[in-house]
Amino acid sequence: MSRHRVVLLPGDGIGPEVVDAARRVVEASGPEIEWVPMEIGAVAFEKYGDALPAHVLDEIRACGVALKGPTTTPIGKGFASANVRLRKELLLFANVRPVKTVPGLETPYGHTDLVVVRENTESLYAGLENEVAPGVITSIKVITEVASSRIAHFAFEYALRWGRHRVTAVHKANIMKMADGLFLDCARRAAAAYEGRVRFDDVLVDALCMKLVTNPSQFDVLLLENLYGDIVSDLAAGLIGGLGLAPGANYGPDCAVFEAIHGSAPDIAGKGIANPIAVILSAAMMCHHLGDTESYVRIRKSVRTITRNHRDWLTPDLKGHGTTRSLADAIVKEVERRRREPVHD
């Protein structure tokens, strides 16, 4: 098995705790990985005066892959988001957030199995804001044909690669006729190239939110602009039990960064009760990206076994009495057990 160099970004708040848990699970699952620890976020800002130092970007470019913990972004002031800068600097244009019901943790919404594909580089996240008059702020929403077409084709290719059958474009083109209209037109043009292989439809973003909380099983792959994708993926995570169960990945032409969708949760940092499952599942996605499908399957099956059969080992957010460490220990032990067995997805 080839050896991979992977940048390890613990991040802020609960990041170091949950990322360490994910690292241990990955190492137990089998891939040969040389970890390259680096610092970003608030901890990097304090040390280097920059939340995303240039040497970190250089190392990610050199390795091509990173496993990242959550970072803290000041609200309304302070330094710019390291997350947003990271995606722009590395052109991580596609944010993929699978949302799937976890065995043993079923919710009133029934079985959910959908994927949020979010454009990652523009929309309101372009950060173009101006004070045009005292007490009057404008935020410019940027939608381009290049970025919209690129993410649309990515969504259809993702659907084909993962055996998905339908892509739904999410928009507000009835109001933002030019910006969201362009995004929808690009999705429709992309859909034409996949006709007969992947079905396509579209839905208004407000209508989607209502439909998700009434019957999420009707959706498969959701294709969204940047801000809509951020909001909807959090909503969808709530359908399966919370952000602690929702993994994520960011893909670009040359690099991929894997991270959970939850934040740094400074209120529980250091208490040992943070749920590591989302980062562990993100690390499983990383293994698949590295070509190690056996580790990907092994990790996912191990998580399902623990959530289904050992509820008391789970962290308090999942109504268990376990800790970050004890839950990670249980998953590591199950992964090691499965390494001695044949892998079947």
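Note that this is a predicted model, so its numbers are computed, not measured.
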Review point. Should the heavy atoms of other residues, nucleotides or ligands under 6.0 Å from NE2 of His165 be counted, would the total exceed 12?
Key: no
Practice item. Kindly say whether Ala249 contributes a backbone atom to a donor-acceptor pair with the side chain of Asn95 at under 3.5 angstrom? Key: yes
Review point. So, the side chain of Glu17 versus the backbone of Gly270: is there a donor-acceptor pair under 3.5 Å, distance only?
Key: yes
Exercise for review: Give a yes or no on whether the backbone of Asn174 and the side-chain of Lys177 come within a donor-acceptor separation of less than 3.5 Å.
Suggested key: yes
Review point. Yes or no on side-chain contact (heavy atoms from CB on, under 4.5 Å) for Tyr194 and His153, after CA distance, side-chain angles and deciding distance?
Key: CA-CA 9 Å; Tyr194 297 86; His153 282 284; 3.7 Å; yes
Review point. Taking a hydrophobic cluster as the set of Ile, Leu, Val, Met, Phe, Trp and Tyr residues connected by side-chain heavy atoms closer than 4.5 Å, whether directly or through intermediates, do Tyr109 and Leu212 fall within one such cluster?
Key: yes
Practice item. Indicate, with yes or no, if Val102 and Val116 share a hydrophobic cluster defined by side-chain heavy-atom contacts under 4.5 Å among Ile, Leu, Val, Met, Phe, Trp and Tyr. Key: yes
Review point. Considering residues, nucleotides and ligands other than Glu195, do more than 12 of their heavy atoms fall under 6.0 Å from its CD?
Key: no
Check your understanding: Do the charged groups of Arg85 and Glu89 touch, with an N to O distance under 4.0 Å?
Key -> no
Review point. Going through the checks in order, is the side-chain contact (heavy atoms from CB on, under 4.5 Å) test met by Val205 and Val232?
Key: CA-CA 8 Å; Val205 64; Val232 168; 4.3 Å; yes
Check your understanding: Around atom CD of Glu145, are there more than 12 heavy atoms of other residues, nucleotides or ligands at under 6.0 Å?
Key -> no
Review point. Looking at Asp20 and Arg24, does any basic side-chain N land under 4.0 Å from a carboxylate oxygen?
Key: no
Practice item. Given side-chain contact (heavy atoms from CB on, under 4.5 Å), test Val198 with Arg164 step by step and report yes or no. Key: CA-CA 8 Å; Val198 181; Arg164 298 275 175 171; over 6 Å; no
Practice item. Measure from the side-chain N and O atoms of Thr307 to the backbone N and O of Pro103, and report whether any donor-acceptor pair falls under 3.5 Å. Key: yes
Point to revise | Lys141/Glu119 ion pair, N-O < 4.0 Å | key: no
Exercise for review: Could you point out which residue of Asp12, Thr71, Thr72 forms a side-chain hydrogen bond (donor to acceptor under 3.5 Å, both in side chains) with Ser264?
Suggested key: Thr72
Check your understanding: Where is the tightest heavy-atom contact between Gly30 and Ser295, given as atom of each residue plus distance?
Key -> N-OG, 4.1 Å
Exercise for review: Evaluate the side-chain proximity of Arg300 to Leu281: yes if any heavy-atom separation is below 4.5 Å, no if none is.
Suggested key: yes
Exercise for review: Using modelled atom types only, decide if a donor and an acceptor are shared between the side chain of Asn226 and the backbone of Glu122 within a distance under 3.5 Å.
Suggested key: yes
Study note, to complete from the structure: All heavy atoms of Ala328 vs all of Val25, minimum pair found to be O-CG2, 4.4 Å
Review point. How many angstroms lie between CZ in Phe183 and OG1 in Thr144, if you round to the nearest 0.5 Å?
Key: 10.5 Å
Review point. Nearest 0.5 Å, what's the CG-CG distance between Asp220 and Leu114?
Key: 8.0 Å
Check your understanding: Can you find a pair of side-chain heavy atoms, one from Pro247 and one from Pro98, that are under 4.5 Å apart?
Key -> yes
Review point. How far apart are the closest heavy atoms of Ala152 and Ala190, and which atoms are they?
Key: CB-CB, 3.7 Å
Check your understanding: Can you say whether the rings of Phe200 and Phe156 are parallel (under 30°), tilted (30 to 60°) or perpendicular (over 60°)?
Key -> tilted
Point to revise | Close side-chain approach of Cys63 and Arg5, heavy atoms under 4.5 Å | key: yes
Point to revise | Glu39 side, atom CD; Leu8 side, atom CG - distance, nearest 0.5 Å | key: 11.5 Å
Study note, to complete from the structure: Correct closest heavy-atom pair for Pro70 and Val18 would be CD-CG2, 4.5 Å
Point to revise | Working for salt bridge (charged side-chain N to carboxylate O under 4.0 Å, His left out), residues Arg337 and Glu334 | key: CA-CA 5 Å; Arg337 185 187 71 80; Glu334 179 63 19; 2.6 Å; yes
Point to revise | Sidechain-backbone polar pair: Ser139 side chain, Glu129 backbone, donor-acceptor under 3.5 Å | key: no
Practice item. Answer yes when Glu225 and Lys172 have at least one side-chain N-carboxylate O distance shorter than 4.0 Å, and no when they do not. Key: no
**Study point:** Reported CD-to-CG distance for the pair Glu259 and Asn250, which is rounded to 0.5 angstrom
**Key:** 5.0 Å
Exercise for review: Check which hydrophobic residues are tied to Leu243 through side-chain heavy-atom contacts below 4.5 Å, counting indirect links as well, and list them.
Suggested key: Ile261
Review point. With no hydrogens and no angle check, is any side-chain donor or acceptor of Thr101 less than 3.5 Å from a backbone partner on Ile240?
Key: no
Check your understanding: Is the shortest heavy-atom distance from the side chain of Leu208 to the side chain of Tyr228 under 4.5 Å?
Key -> no
Exercise for review: Indicate yes or no for a side-chain donor-acceptor contact from Ser149 to the backbone of Val146 under 3.5 Å, with no hydrogens or angles considered.
Suggested key: no
Check your understanding: Under 3.5 Å, side chain of Asn275 to main-chain N/O of Leu245, donor-acceptor pair present?
Key -> no
Review point. Given side chains that start at C-beta, do those of Cys255 and Val65 come closer than 4.5 Å, heavy atoms only?
Key: no
Check your understanding: With side chains defined as the heavy atoms from C-beta onward, is the minimum distance between Ile60 and Lys68 less than 4.5 Å?
Key -> no
Point to revise | Closest heavy-atom pair and its distance - Arg338, Thr305 | key: NH2-OG1, 2.8 Å
Check your understanding: Looking at CD1 of Ile277 and CD1 of Ile306, how far apart are the two atoms once the value is rounded to the nearest 0.5 Å?
Key -> 9.0 Å
Check your understanding: With a 4.5 Å heavy-atom cut-off, do Val117 and Val167 have their side chains touching?
Key -> no
**Study point:** Within one Ile-Leu-Val-Met-Phe-Trp-Tyr cluster: Met286 and Val297, side-chain cutoff 4.5 Å
**Key:** yes
Point to revise | Closest non-hydrogen atom pair, Val335 against Arg298 | key: O-CD, 3.7 Å
Practice item. Please say which of Tyr158, Phe258, Phe93 ends up in a ring pair (Phe, Tyr, Trp, His ring centres under 6.0 Å) with Tyr251. Key: Phe258
Practice item. Indicate whether the side chain of Ser81 and that of Asn83 have a donor and an acceptor atom separated by less than 3.5 Å. Key: no
Study note, to complete from the structure: Across all chains, not counting sequence neighbours, the side chain to side chain donor-acceptor pair (under 3.5 Å) partners of Asp202 are His171
Exercise for review: Show the numbers, then the answer: is there a side-chain contact (heavy atoms from CB on, under 4.5 Å) between Lys319 and Leu105?
Suggested key: CA-CA 10 Å; Lys319 298 181 172 55; Leu105 302 176; over 6 Å; no
Practice item. Indicate, with yes or no, if Leu222 and Trp162 share a hydrophobic cluster defined by side-chain heavy-atom contacts under 4.5 Å among Ile, Leu, Val, Met, Phe, Trp and Tyr. Key: yes
Practice item. Could you state whether Met38 and Val279 fall into the same hydrophobic cluster, counting links through intermediate Ile, Leu, Val, Met, Phe, Trp or Tyr residues with side-chain heavy atoms under 4.5 angstrom apart? Key: no
Check your understanding: Of the options Ile331, Val332, Ile299, which is the one that meets Ser29 in a side chain to side chain contact (heavy atoms under 4.5 Å, CB included)?
Key -> Ile299
Check your understanding: If we only count heavy atoms from C-beta on, is the Trp35 to Leu67 side-chain gap below 4.5 Å?
Key -> yes
Check your understanding: Is the backbone of Ala28 close enough, under 3.5 Å, to the side chain of Arg339 for a donor and an acceptor to pair up by distance?
Key -> yes
Exercise for review: Give the intermediate values and the outcome of salt bridge (charged side-chain N to carboxylate O under 4.0 Å, His left out) for residues Asp185 and Arg189.
Suggested key: CA-CA 6 Å; Asp185 285 344; Arg189 290 199 296 269; 5.1 Å; no
Exercise for review: Output the distance between atom CD1 (Ile151) and atom CZ (Arg118), rounded to the nearest 0.5 Å.
Suggested key: 10.0 Å
